[in-house]
Amino acid sequence: MDLGFDAAGFAPAVVPPGYGHYQGWLAAGREAGMAYMRRQEAARRHPESILDPIATVIVVMLNYRPEGDLARQGPPEKGHGRVAAYARGVDYHGVFWHRLERLLEKIRTERPDVRGRAVSDSAPLMERDYARLAGLGWVGKNTCLISRKVGSMTLLGSLLVDLQLPPDEPFTANHCGTCTRCLEACPTDAFAGPYQLDASRCISYWTIEHKGLWQDETPDSMHGWVFGCDICQEVCPWNRKTKSGTDLEIGSRVQWAEVDLLEWLRMEPQEFRQMIKGTALERTKRSGLLRNAMAILLEQGDEAAISEIRRLAETDPEEKVRDLAWAMLGTDRQG
């Protein structure tokens, strides 16, 4: 049964090997404002918190690497921002759920009594750990899973089942060697060390996860990234050796590699929501994306942005957008 995944493997339903590392990460306060990561601490200890009983975690992988040279690009041209490659197509969550449900149906033609649950970054499952146990790759110094065949620009999904399946050989090697390009390339010093990502310094955290106004601890610059960040992957040698993704369902929109931020500010709210519908950008919503766009435009010194931000502050139908716009202009409210 071909479901279009680039790789798949079976992992035993055990305590994830990286659970202690995860607890140490929390103890160091590196989750920033992602309170759900702390709330889920106990649940992440074992996949039985998602499906009980459970015997096997089937892990699948999709390559989303965009076409072309991945050499680290400089800041976008004035008035523009960059979108992380994984978010330029449709939201991958639904793609994984649909395909994994089909896999479960196939399994049930042989074993009708099997119980299962499809997840993709939607449950307290340490997916990278199970991908390693399933033989798909290793966790690199930038905390991304890296495959020798596909690189690190991959999306992961899992099907949890109560069926005992022969596990694949776990991936025990680490092929990062002495390379530290990902750590050195990060413009906001988000890595406290190898395998130690401090979310409070991470562009992806601030442009996607953080809600409301940016705070004092925000990095001085988002370096043109309006949603997510690919820098630590663009410089990884393993991504230069791989082919671009070919899955048409999650295919990348070339025009979203750089987006016109002034156009975003001028777009009618309904048109904007329609533009991001069905994509990962919906997670940050229009208000968060406009916050990011306004901040980047002001940092770029785009004079045309001032009048557009003031227009949003005075007339936008969303109160949150109005408040964010006034804050960007240096005041809490009109007058």
Side-chain angles (χ1 to χ4, degrees), residues 32-33 66 73-91 187-188 190 199 201-231 252-334:
Q73 304 174 32
E77 63 176 281
K78 193 172 182 178
H80 290 71
R82 297 184 66 192
V83 173
Y86 86 90
R88 296 174 196 163
V90 302
D91 190 341
T188 58
R201 300 292 305 166
C202 181
I203 291 172
S204 287
Y205 166 75
W206 287 106
T207 58
I208 299 175
E209 296 287 341
H210 184 72
K211 310 303 179 189
L213 290 171
W214 283 341
Q215 301 166 348
D216 292 341
E217 63 267 30
T218 312
D220 294 335
S221 171
M222 294 299 115
H223 297 270
W225 290 93
V226 71
F227 186 91
C229 178
D230 287 332
I231 291 174
S252 177
R253 306 180 195 184
V254 176
Q255 68 270 28
W256 275 23
E258 278 200 15
V259 295
D260 187 327
L261 300 181
L262 277 174
E263 182 182 345
W264 277 19
L265 266 57
R266 292 167 178 157
M267 199 175 291
E268 290 296 320
Q270 187 56 36
E271 182 185 2
F272 192 100
R273 294 189 189 97
Q274 187 61 37
M275 176 186 71
I276 65 173
K277 186 177 181 179
T279 74
L281 277 73
E282 281 192 290
R283 179 177 179 85
T284 305
K285 299 181 180 178
R286 174 176 177 262
S287 58
L289 293 168
L290 290 184
R291 172 202 63 191
N292 300 348
M294 288 187 285
I296 291 171
L297 288 167
L298 290 173
E299 181 187 332
Q300 292 174 342
D302 194 314
E303 295 180 4
I306 301 296
S307 60
E308 291 299 328
I309 295 173
R310 181 167 290 277
R311 180 186 62 80
L312 290 173
E314 293 174 344
T315 67
D316 195 85
E318 284 188 63
E319 181 180 3
K320 191 168 187 178
V321 171
R322 295 197 302 272
D323 289 344
L324 287 166
W326 281 121
M328 290 291 174
L329 294 170
T331 181
D332 291 332
R333 60 183 66 84
Q334 185 174 6

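These numbers were taken from a predicted model, which means no experiment stands behind them. Numbering of residues begins at 1 and proceeds along the displayed sequence.
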Just jot down the side chain to side chain contact (heavy atoms under 4.5 Å, CB included) partners of Ala280, sequence neighbours excluded, or say none.
->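 Partners of Ala280 under the side chain to side chain contact (heavy atoms under 4.5 Å, CB included) test: Tyr86, Ala87, Phe227.
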Where the side chain of [X] meets the backbone of [Y], is there a donor-acceptor pair that is under 3.5 Å apart?
| X | Y | value |
| --- | --- | --- |
| Arg82 | Asp230 | no |
| Arg291 | Leu213 | no |
| Thr207 | Gly228 | yes |

Between [Y] and [X], is there a side-chain heavy-atom distance shorter than 4.5 Å?
| X | Y | result |
| --- | --- | --- |
| Trp206 | Arg201 | no |
| Pro76 | Gln300 | yes |
| Ile306 | Leu297 | no |
| Asn292 | Trp214 | yes |
| Ser287 | Asp323 | no |

After noting the C-alpha distance and the side-chain angles of Leu290 and Leu324, does the key distance pass the side-chain contact (heavy atoms from CB on, under 4.5 Å) rule?
-> CA-CA 9 Å; Leu290 290 184; Leu324 287 166; over 6 Å; no
Identify the two heavy atoms, one from [X] and one from [Y], that lie closest to each other, and give their separation to 0.1 Å.
| X | Y | answer |
| --- | --- | --- |
| Ala293 | Trp264 | CB-CE3, 4.3 Å |
| Gly81 | Val226 | C-CG1, 4.4 Å |
| His223 | Ser221 | N-OG, 2.9 Å |
| Ile276 | Thr279 | O-OG1, 2.7 Å |
| Pro219 | Thr188 | CB-CG2, 3.5 Å |

Rounded to the nearest 0.5 Å, how far does [atom2] of [Y] lie from [atom1] of [X]?
| X | Y | atom1 | atom2 | value |
| --- | --- | --- | --- | --- |
| Ser204 | His210 | OG | NE2 | 14.5 Å |
| Leu265 | Leu289 | CG | CG | 11.0 Å |
| His80 | Asp302 | NE2 | CG | 10.0 Å |
| Lys78 | Leu262 | NZ | CG | 10.0 Å |

Could you pull out every donor-acceptor pair under 3.5 Å between side chains of residues 266-273 and any protein atom, sequence neighbours left out?
{"from": "Arg266", "atom 1": "NE", "to": "Glu308", "atom 2": "OE2", "distance (Å)": "3.2"}
{"from": "Arg273", "atom 1": "NH2", "to": "Glu318", "atom 2": "OE2", "distance (Å)": "2.9"}

Does Asp316 have any salt bridge (Lys or Arg N to Asp or Glu O under 4.0 Å) partners at least two apart in sequence or in another chain, and if so, which?
->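 With sequence neighbours excluded, Asp316 shows a salt bridge (Lys or Arg N to Asp or Glu O under 4.0 Å) to Arg286, given in chain and number order.
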Test side-chain contact (heavy atoms from CB on, under 4.5 Å) applied to Leu281 and Asp91, step by step = CA-CA 8 Å; Leu281 277 73; Asp91 190 341; over 6 Å; no
Checking side-chain contact (heavy atoms from CB on, under 4.5 Å) for the pair Met328/Leu312: CA distance, chi angles, key distance, verdict?
-> CA-CA 11 Å; Met328 290 291 174; Leu312 290 173; over 6 Å; no
Answer yes or no: does atom NZ of Lys211 have more than 12 heavy-atom neighbours from other residues, nucleotides or ligands under 6.0 Å?
->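 For Lys211, atom NZ is crowded (more than 12 foreign heavy atoms under 6.0 Å).
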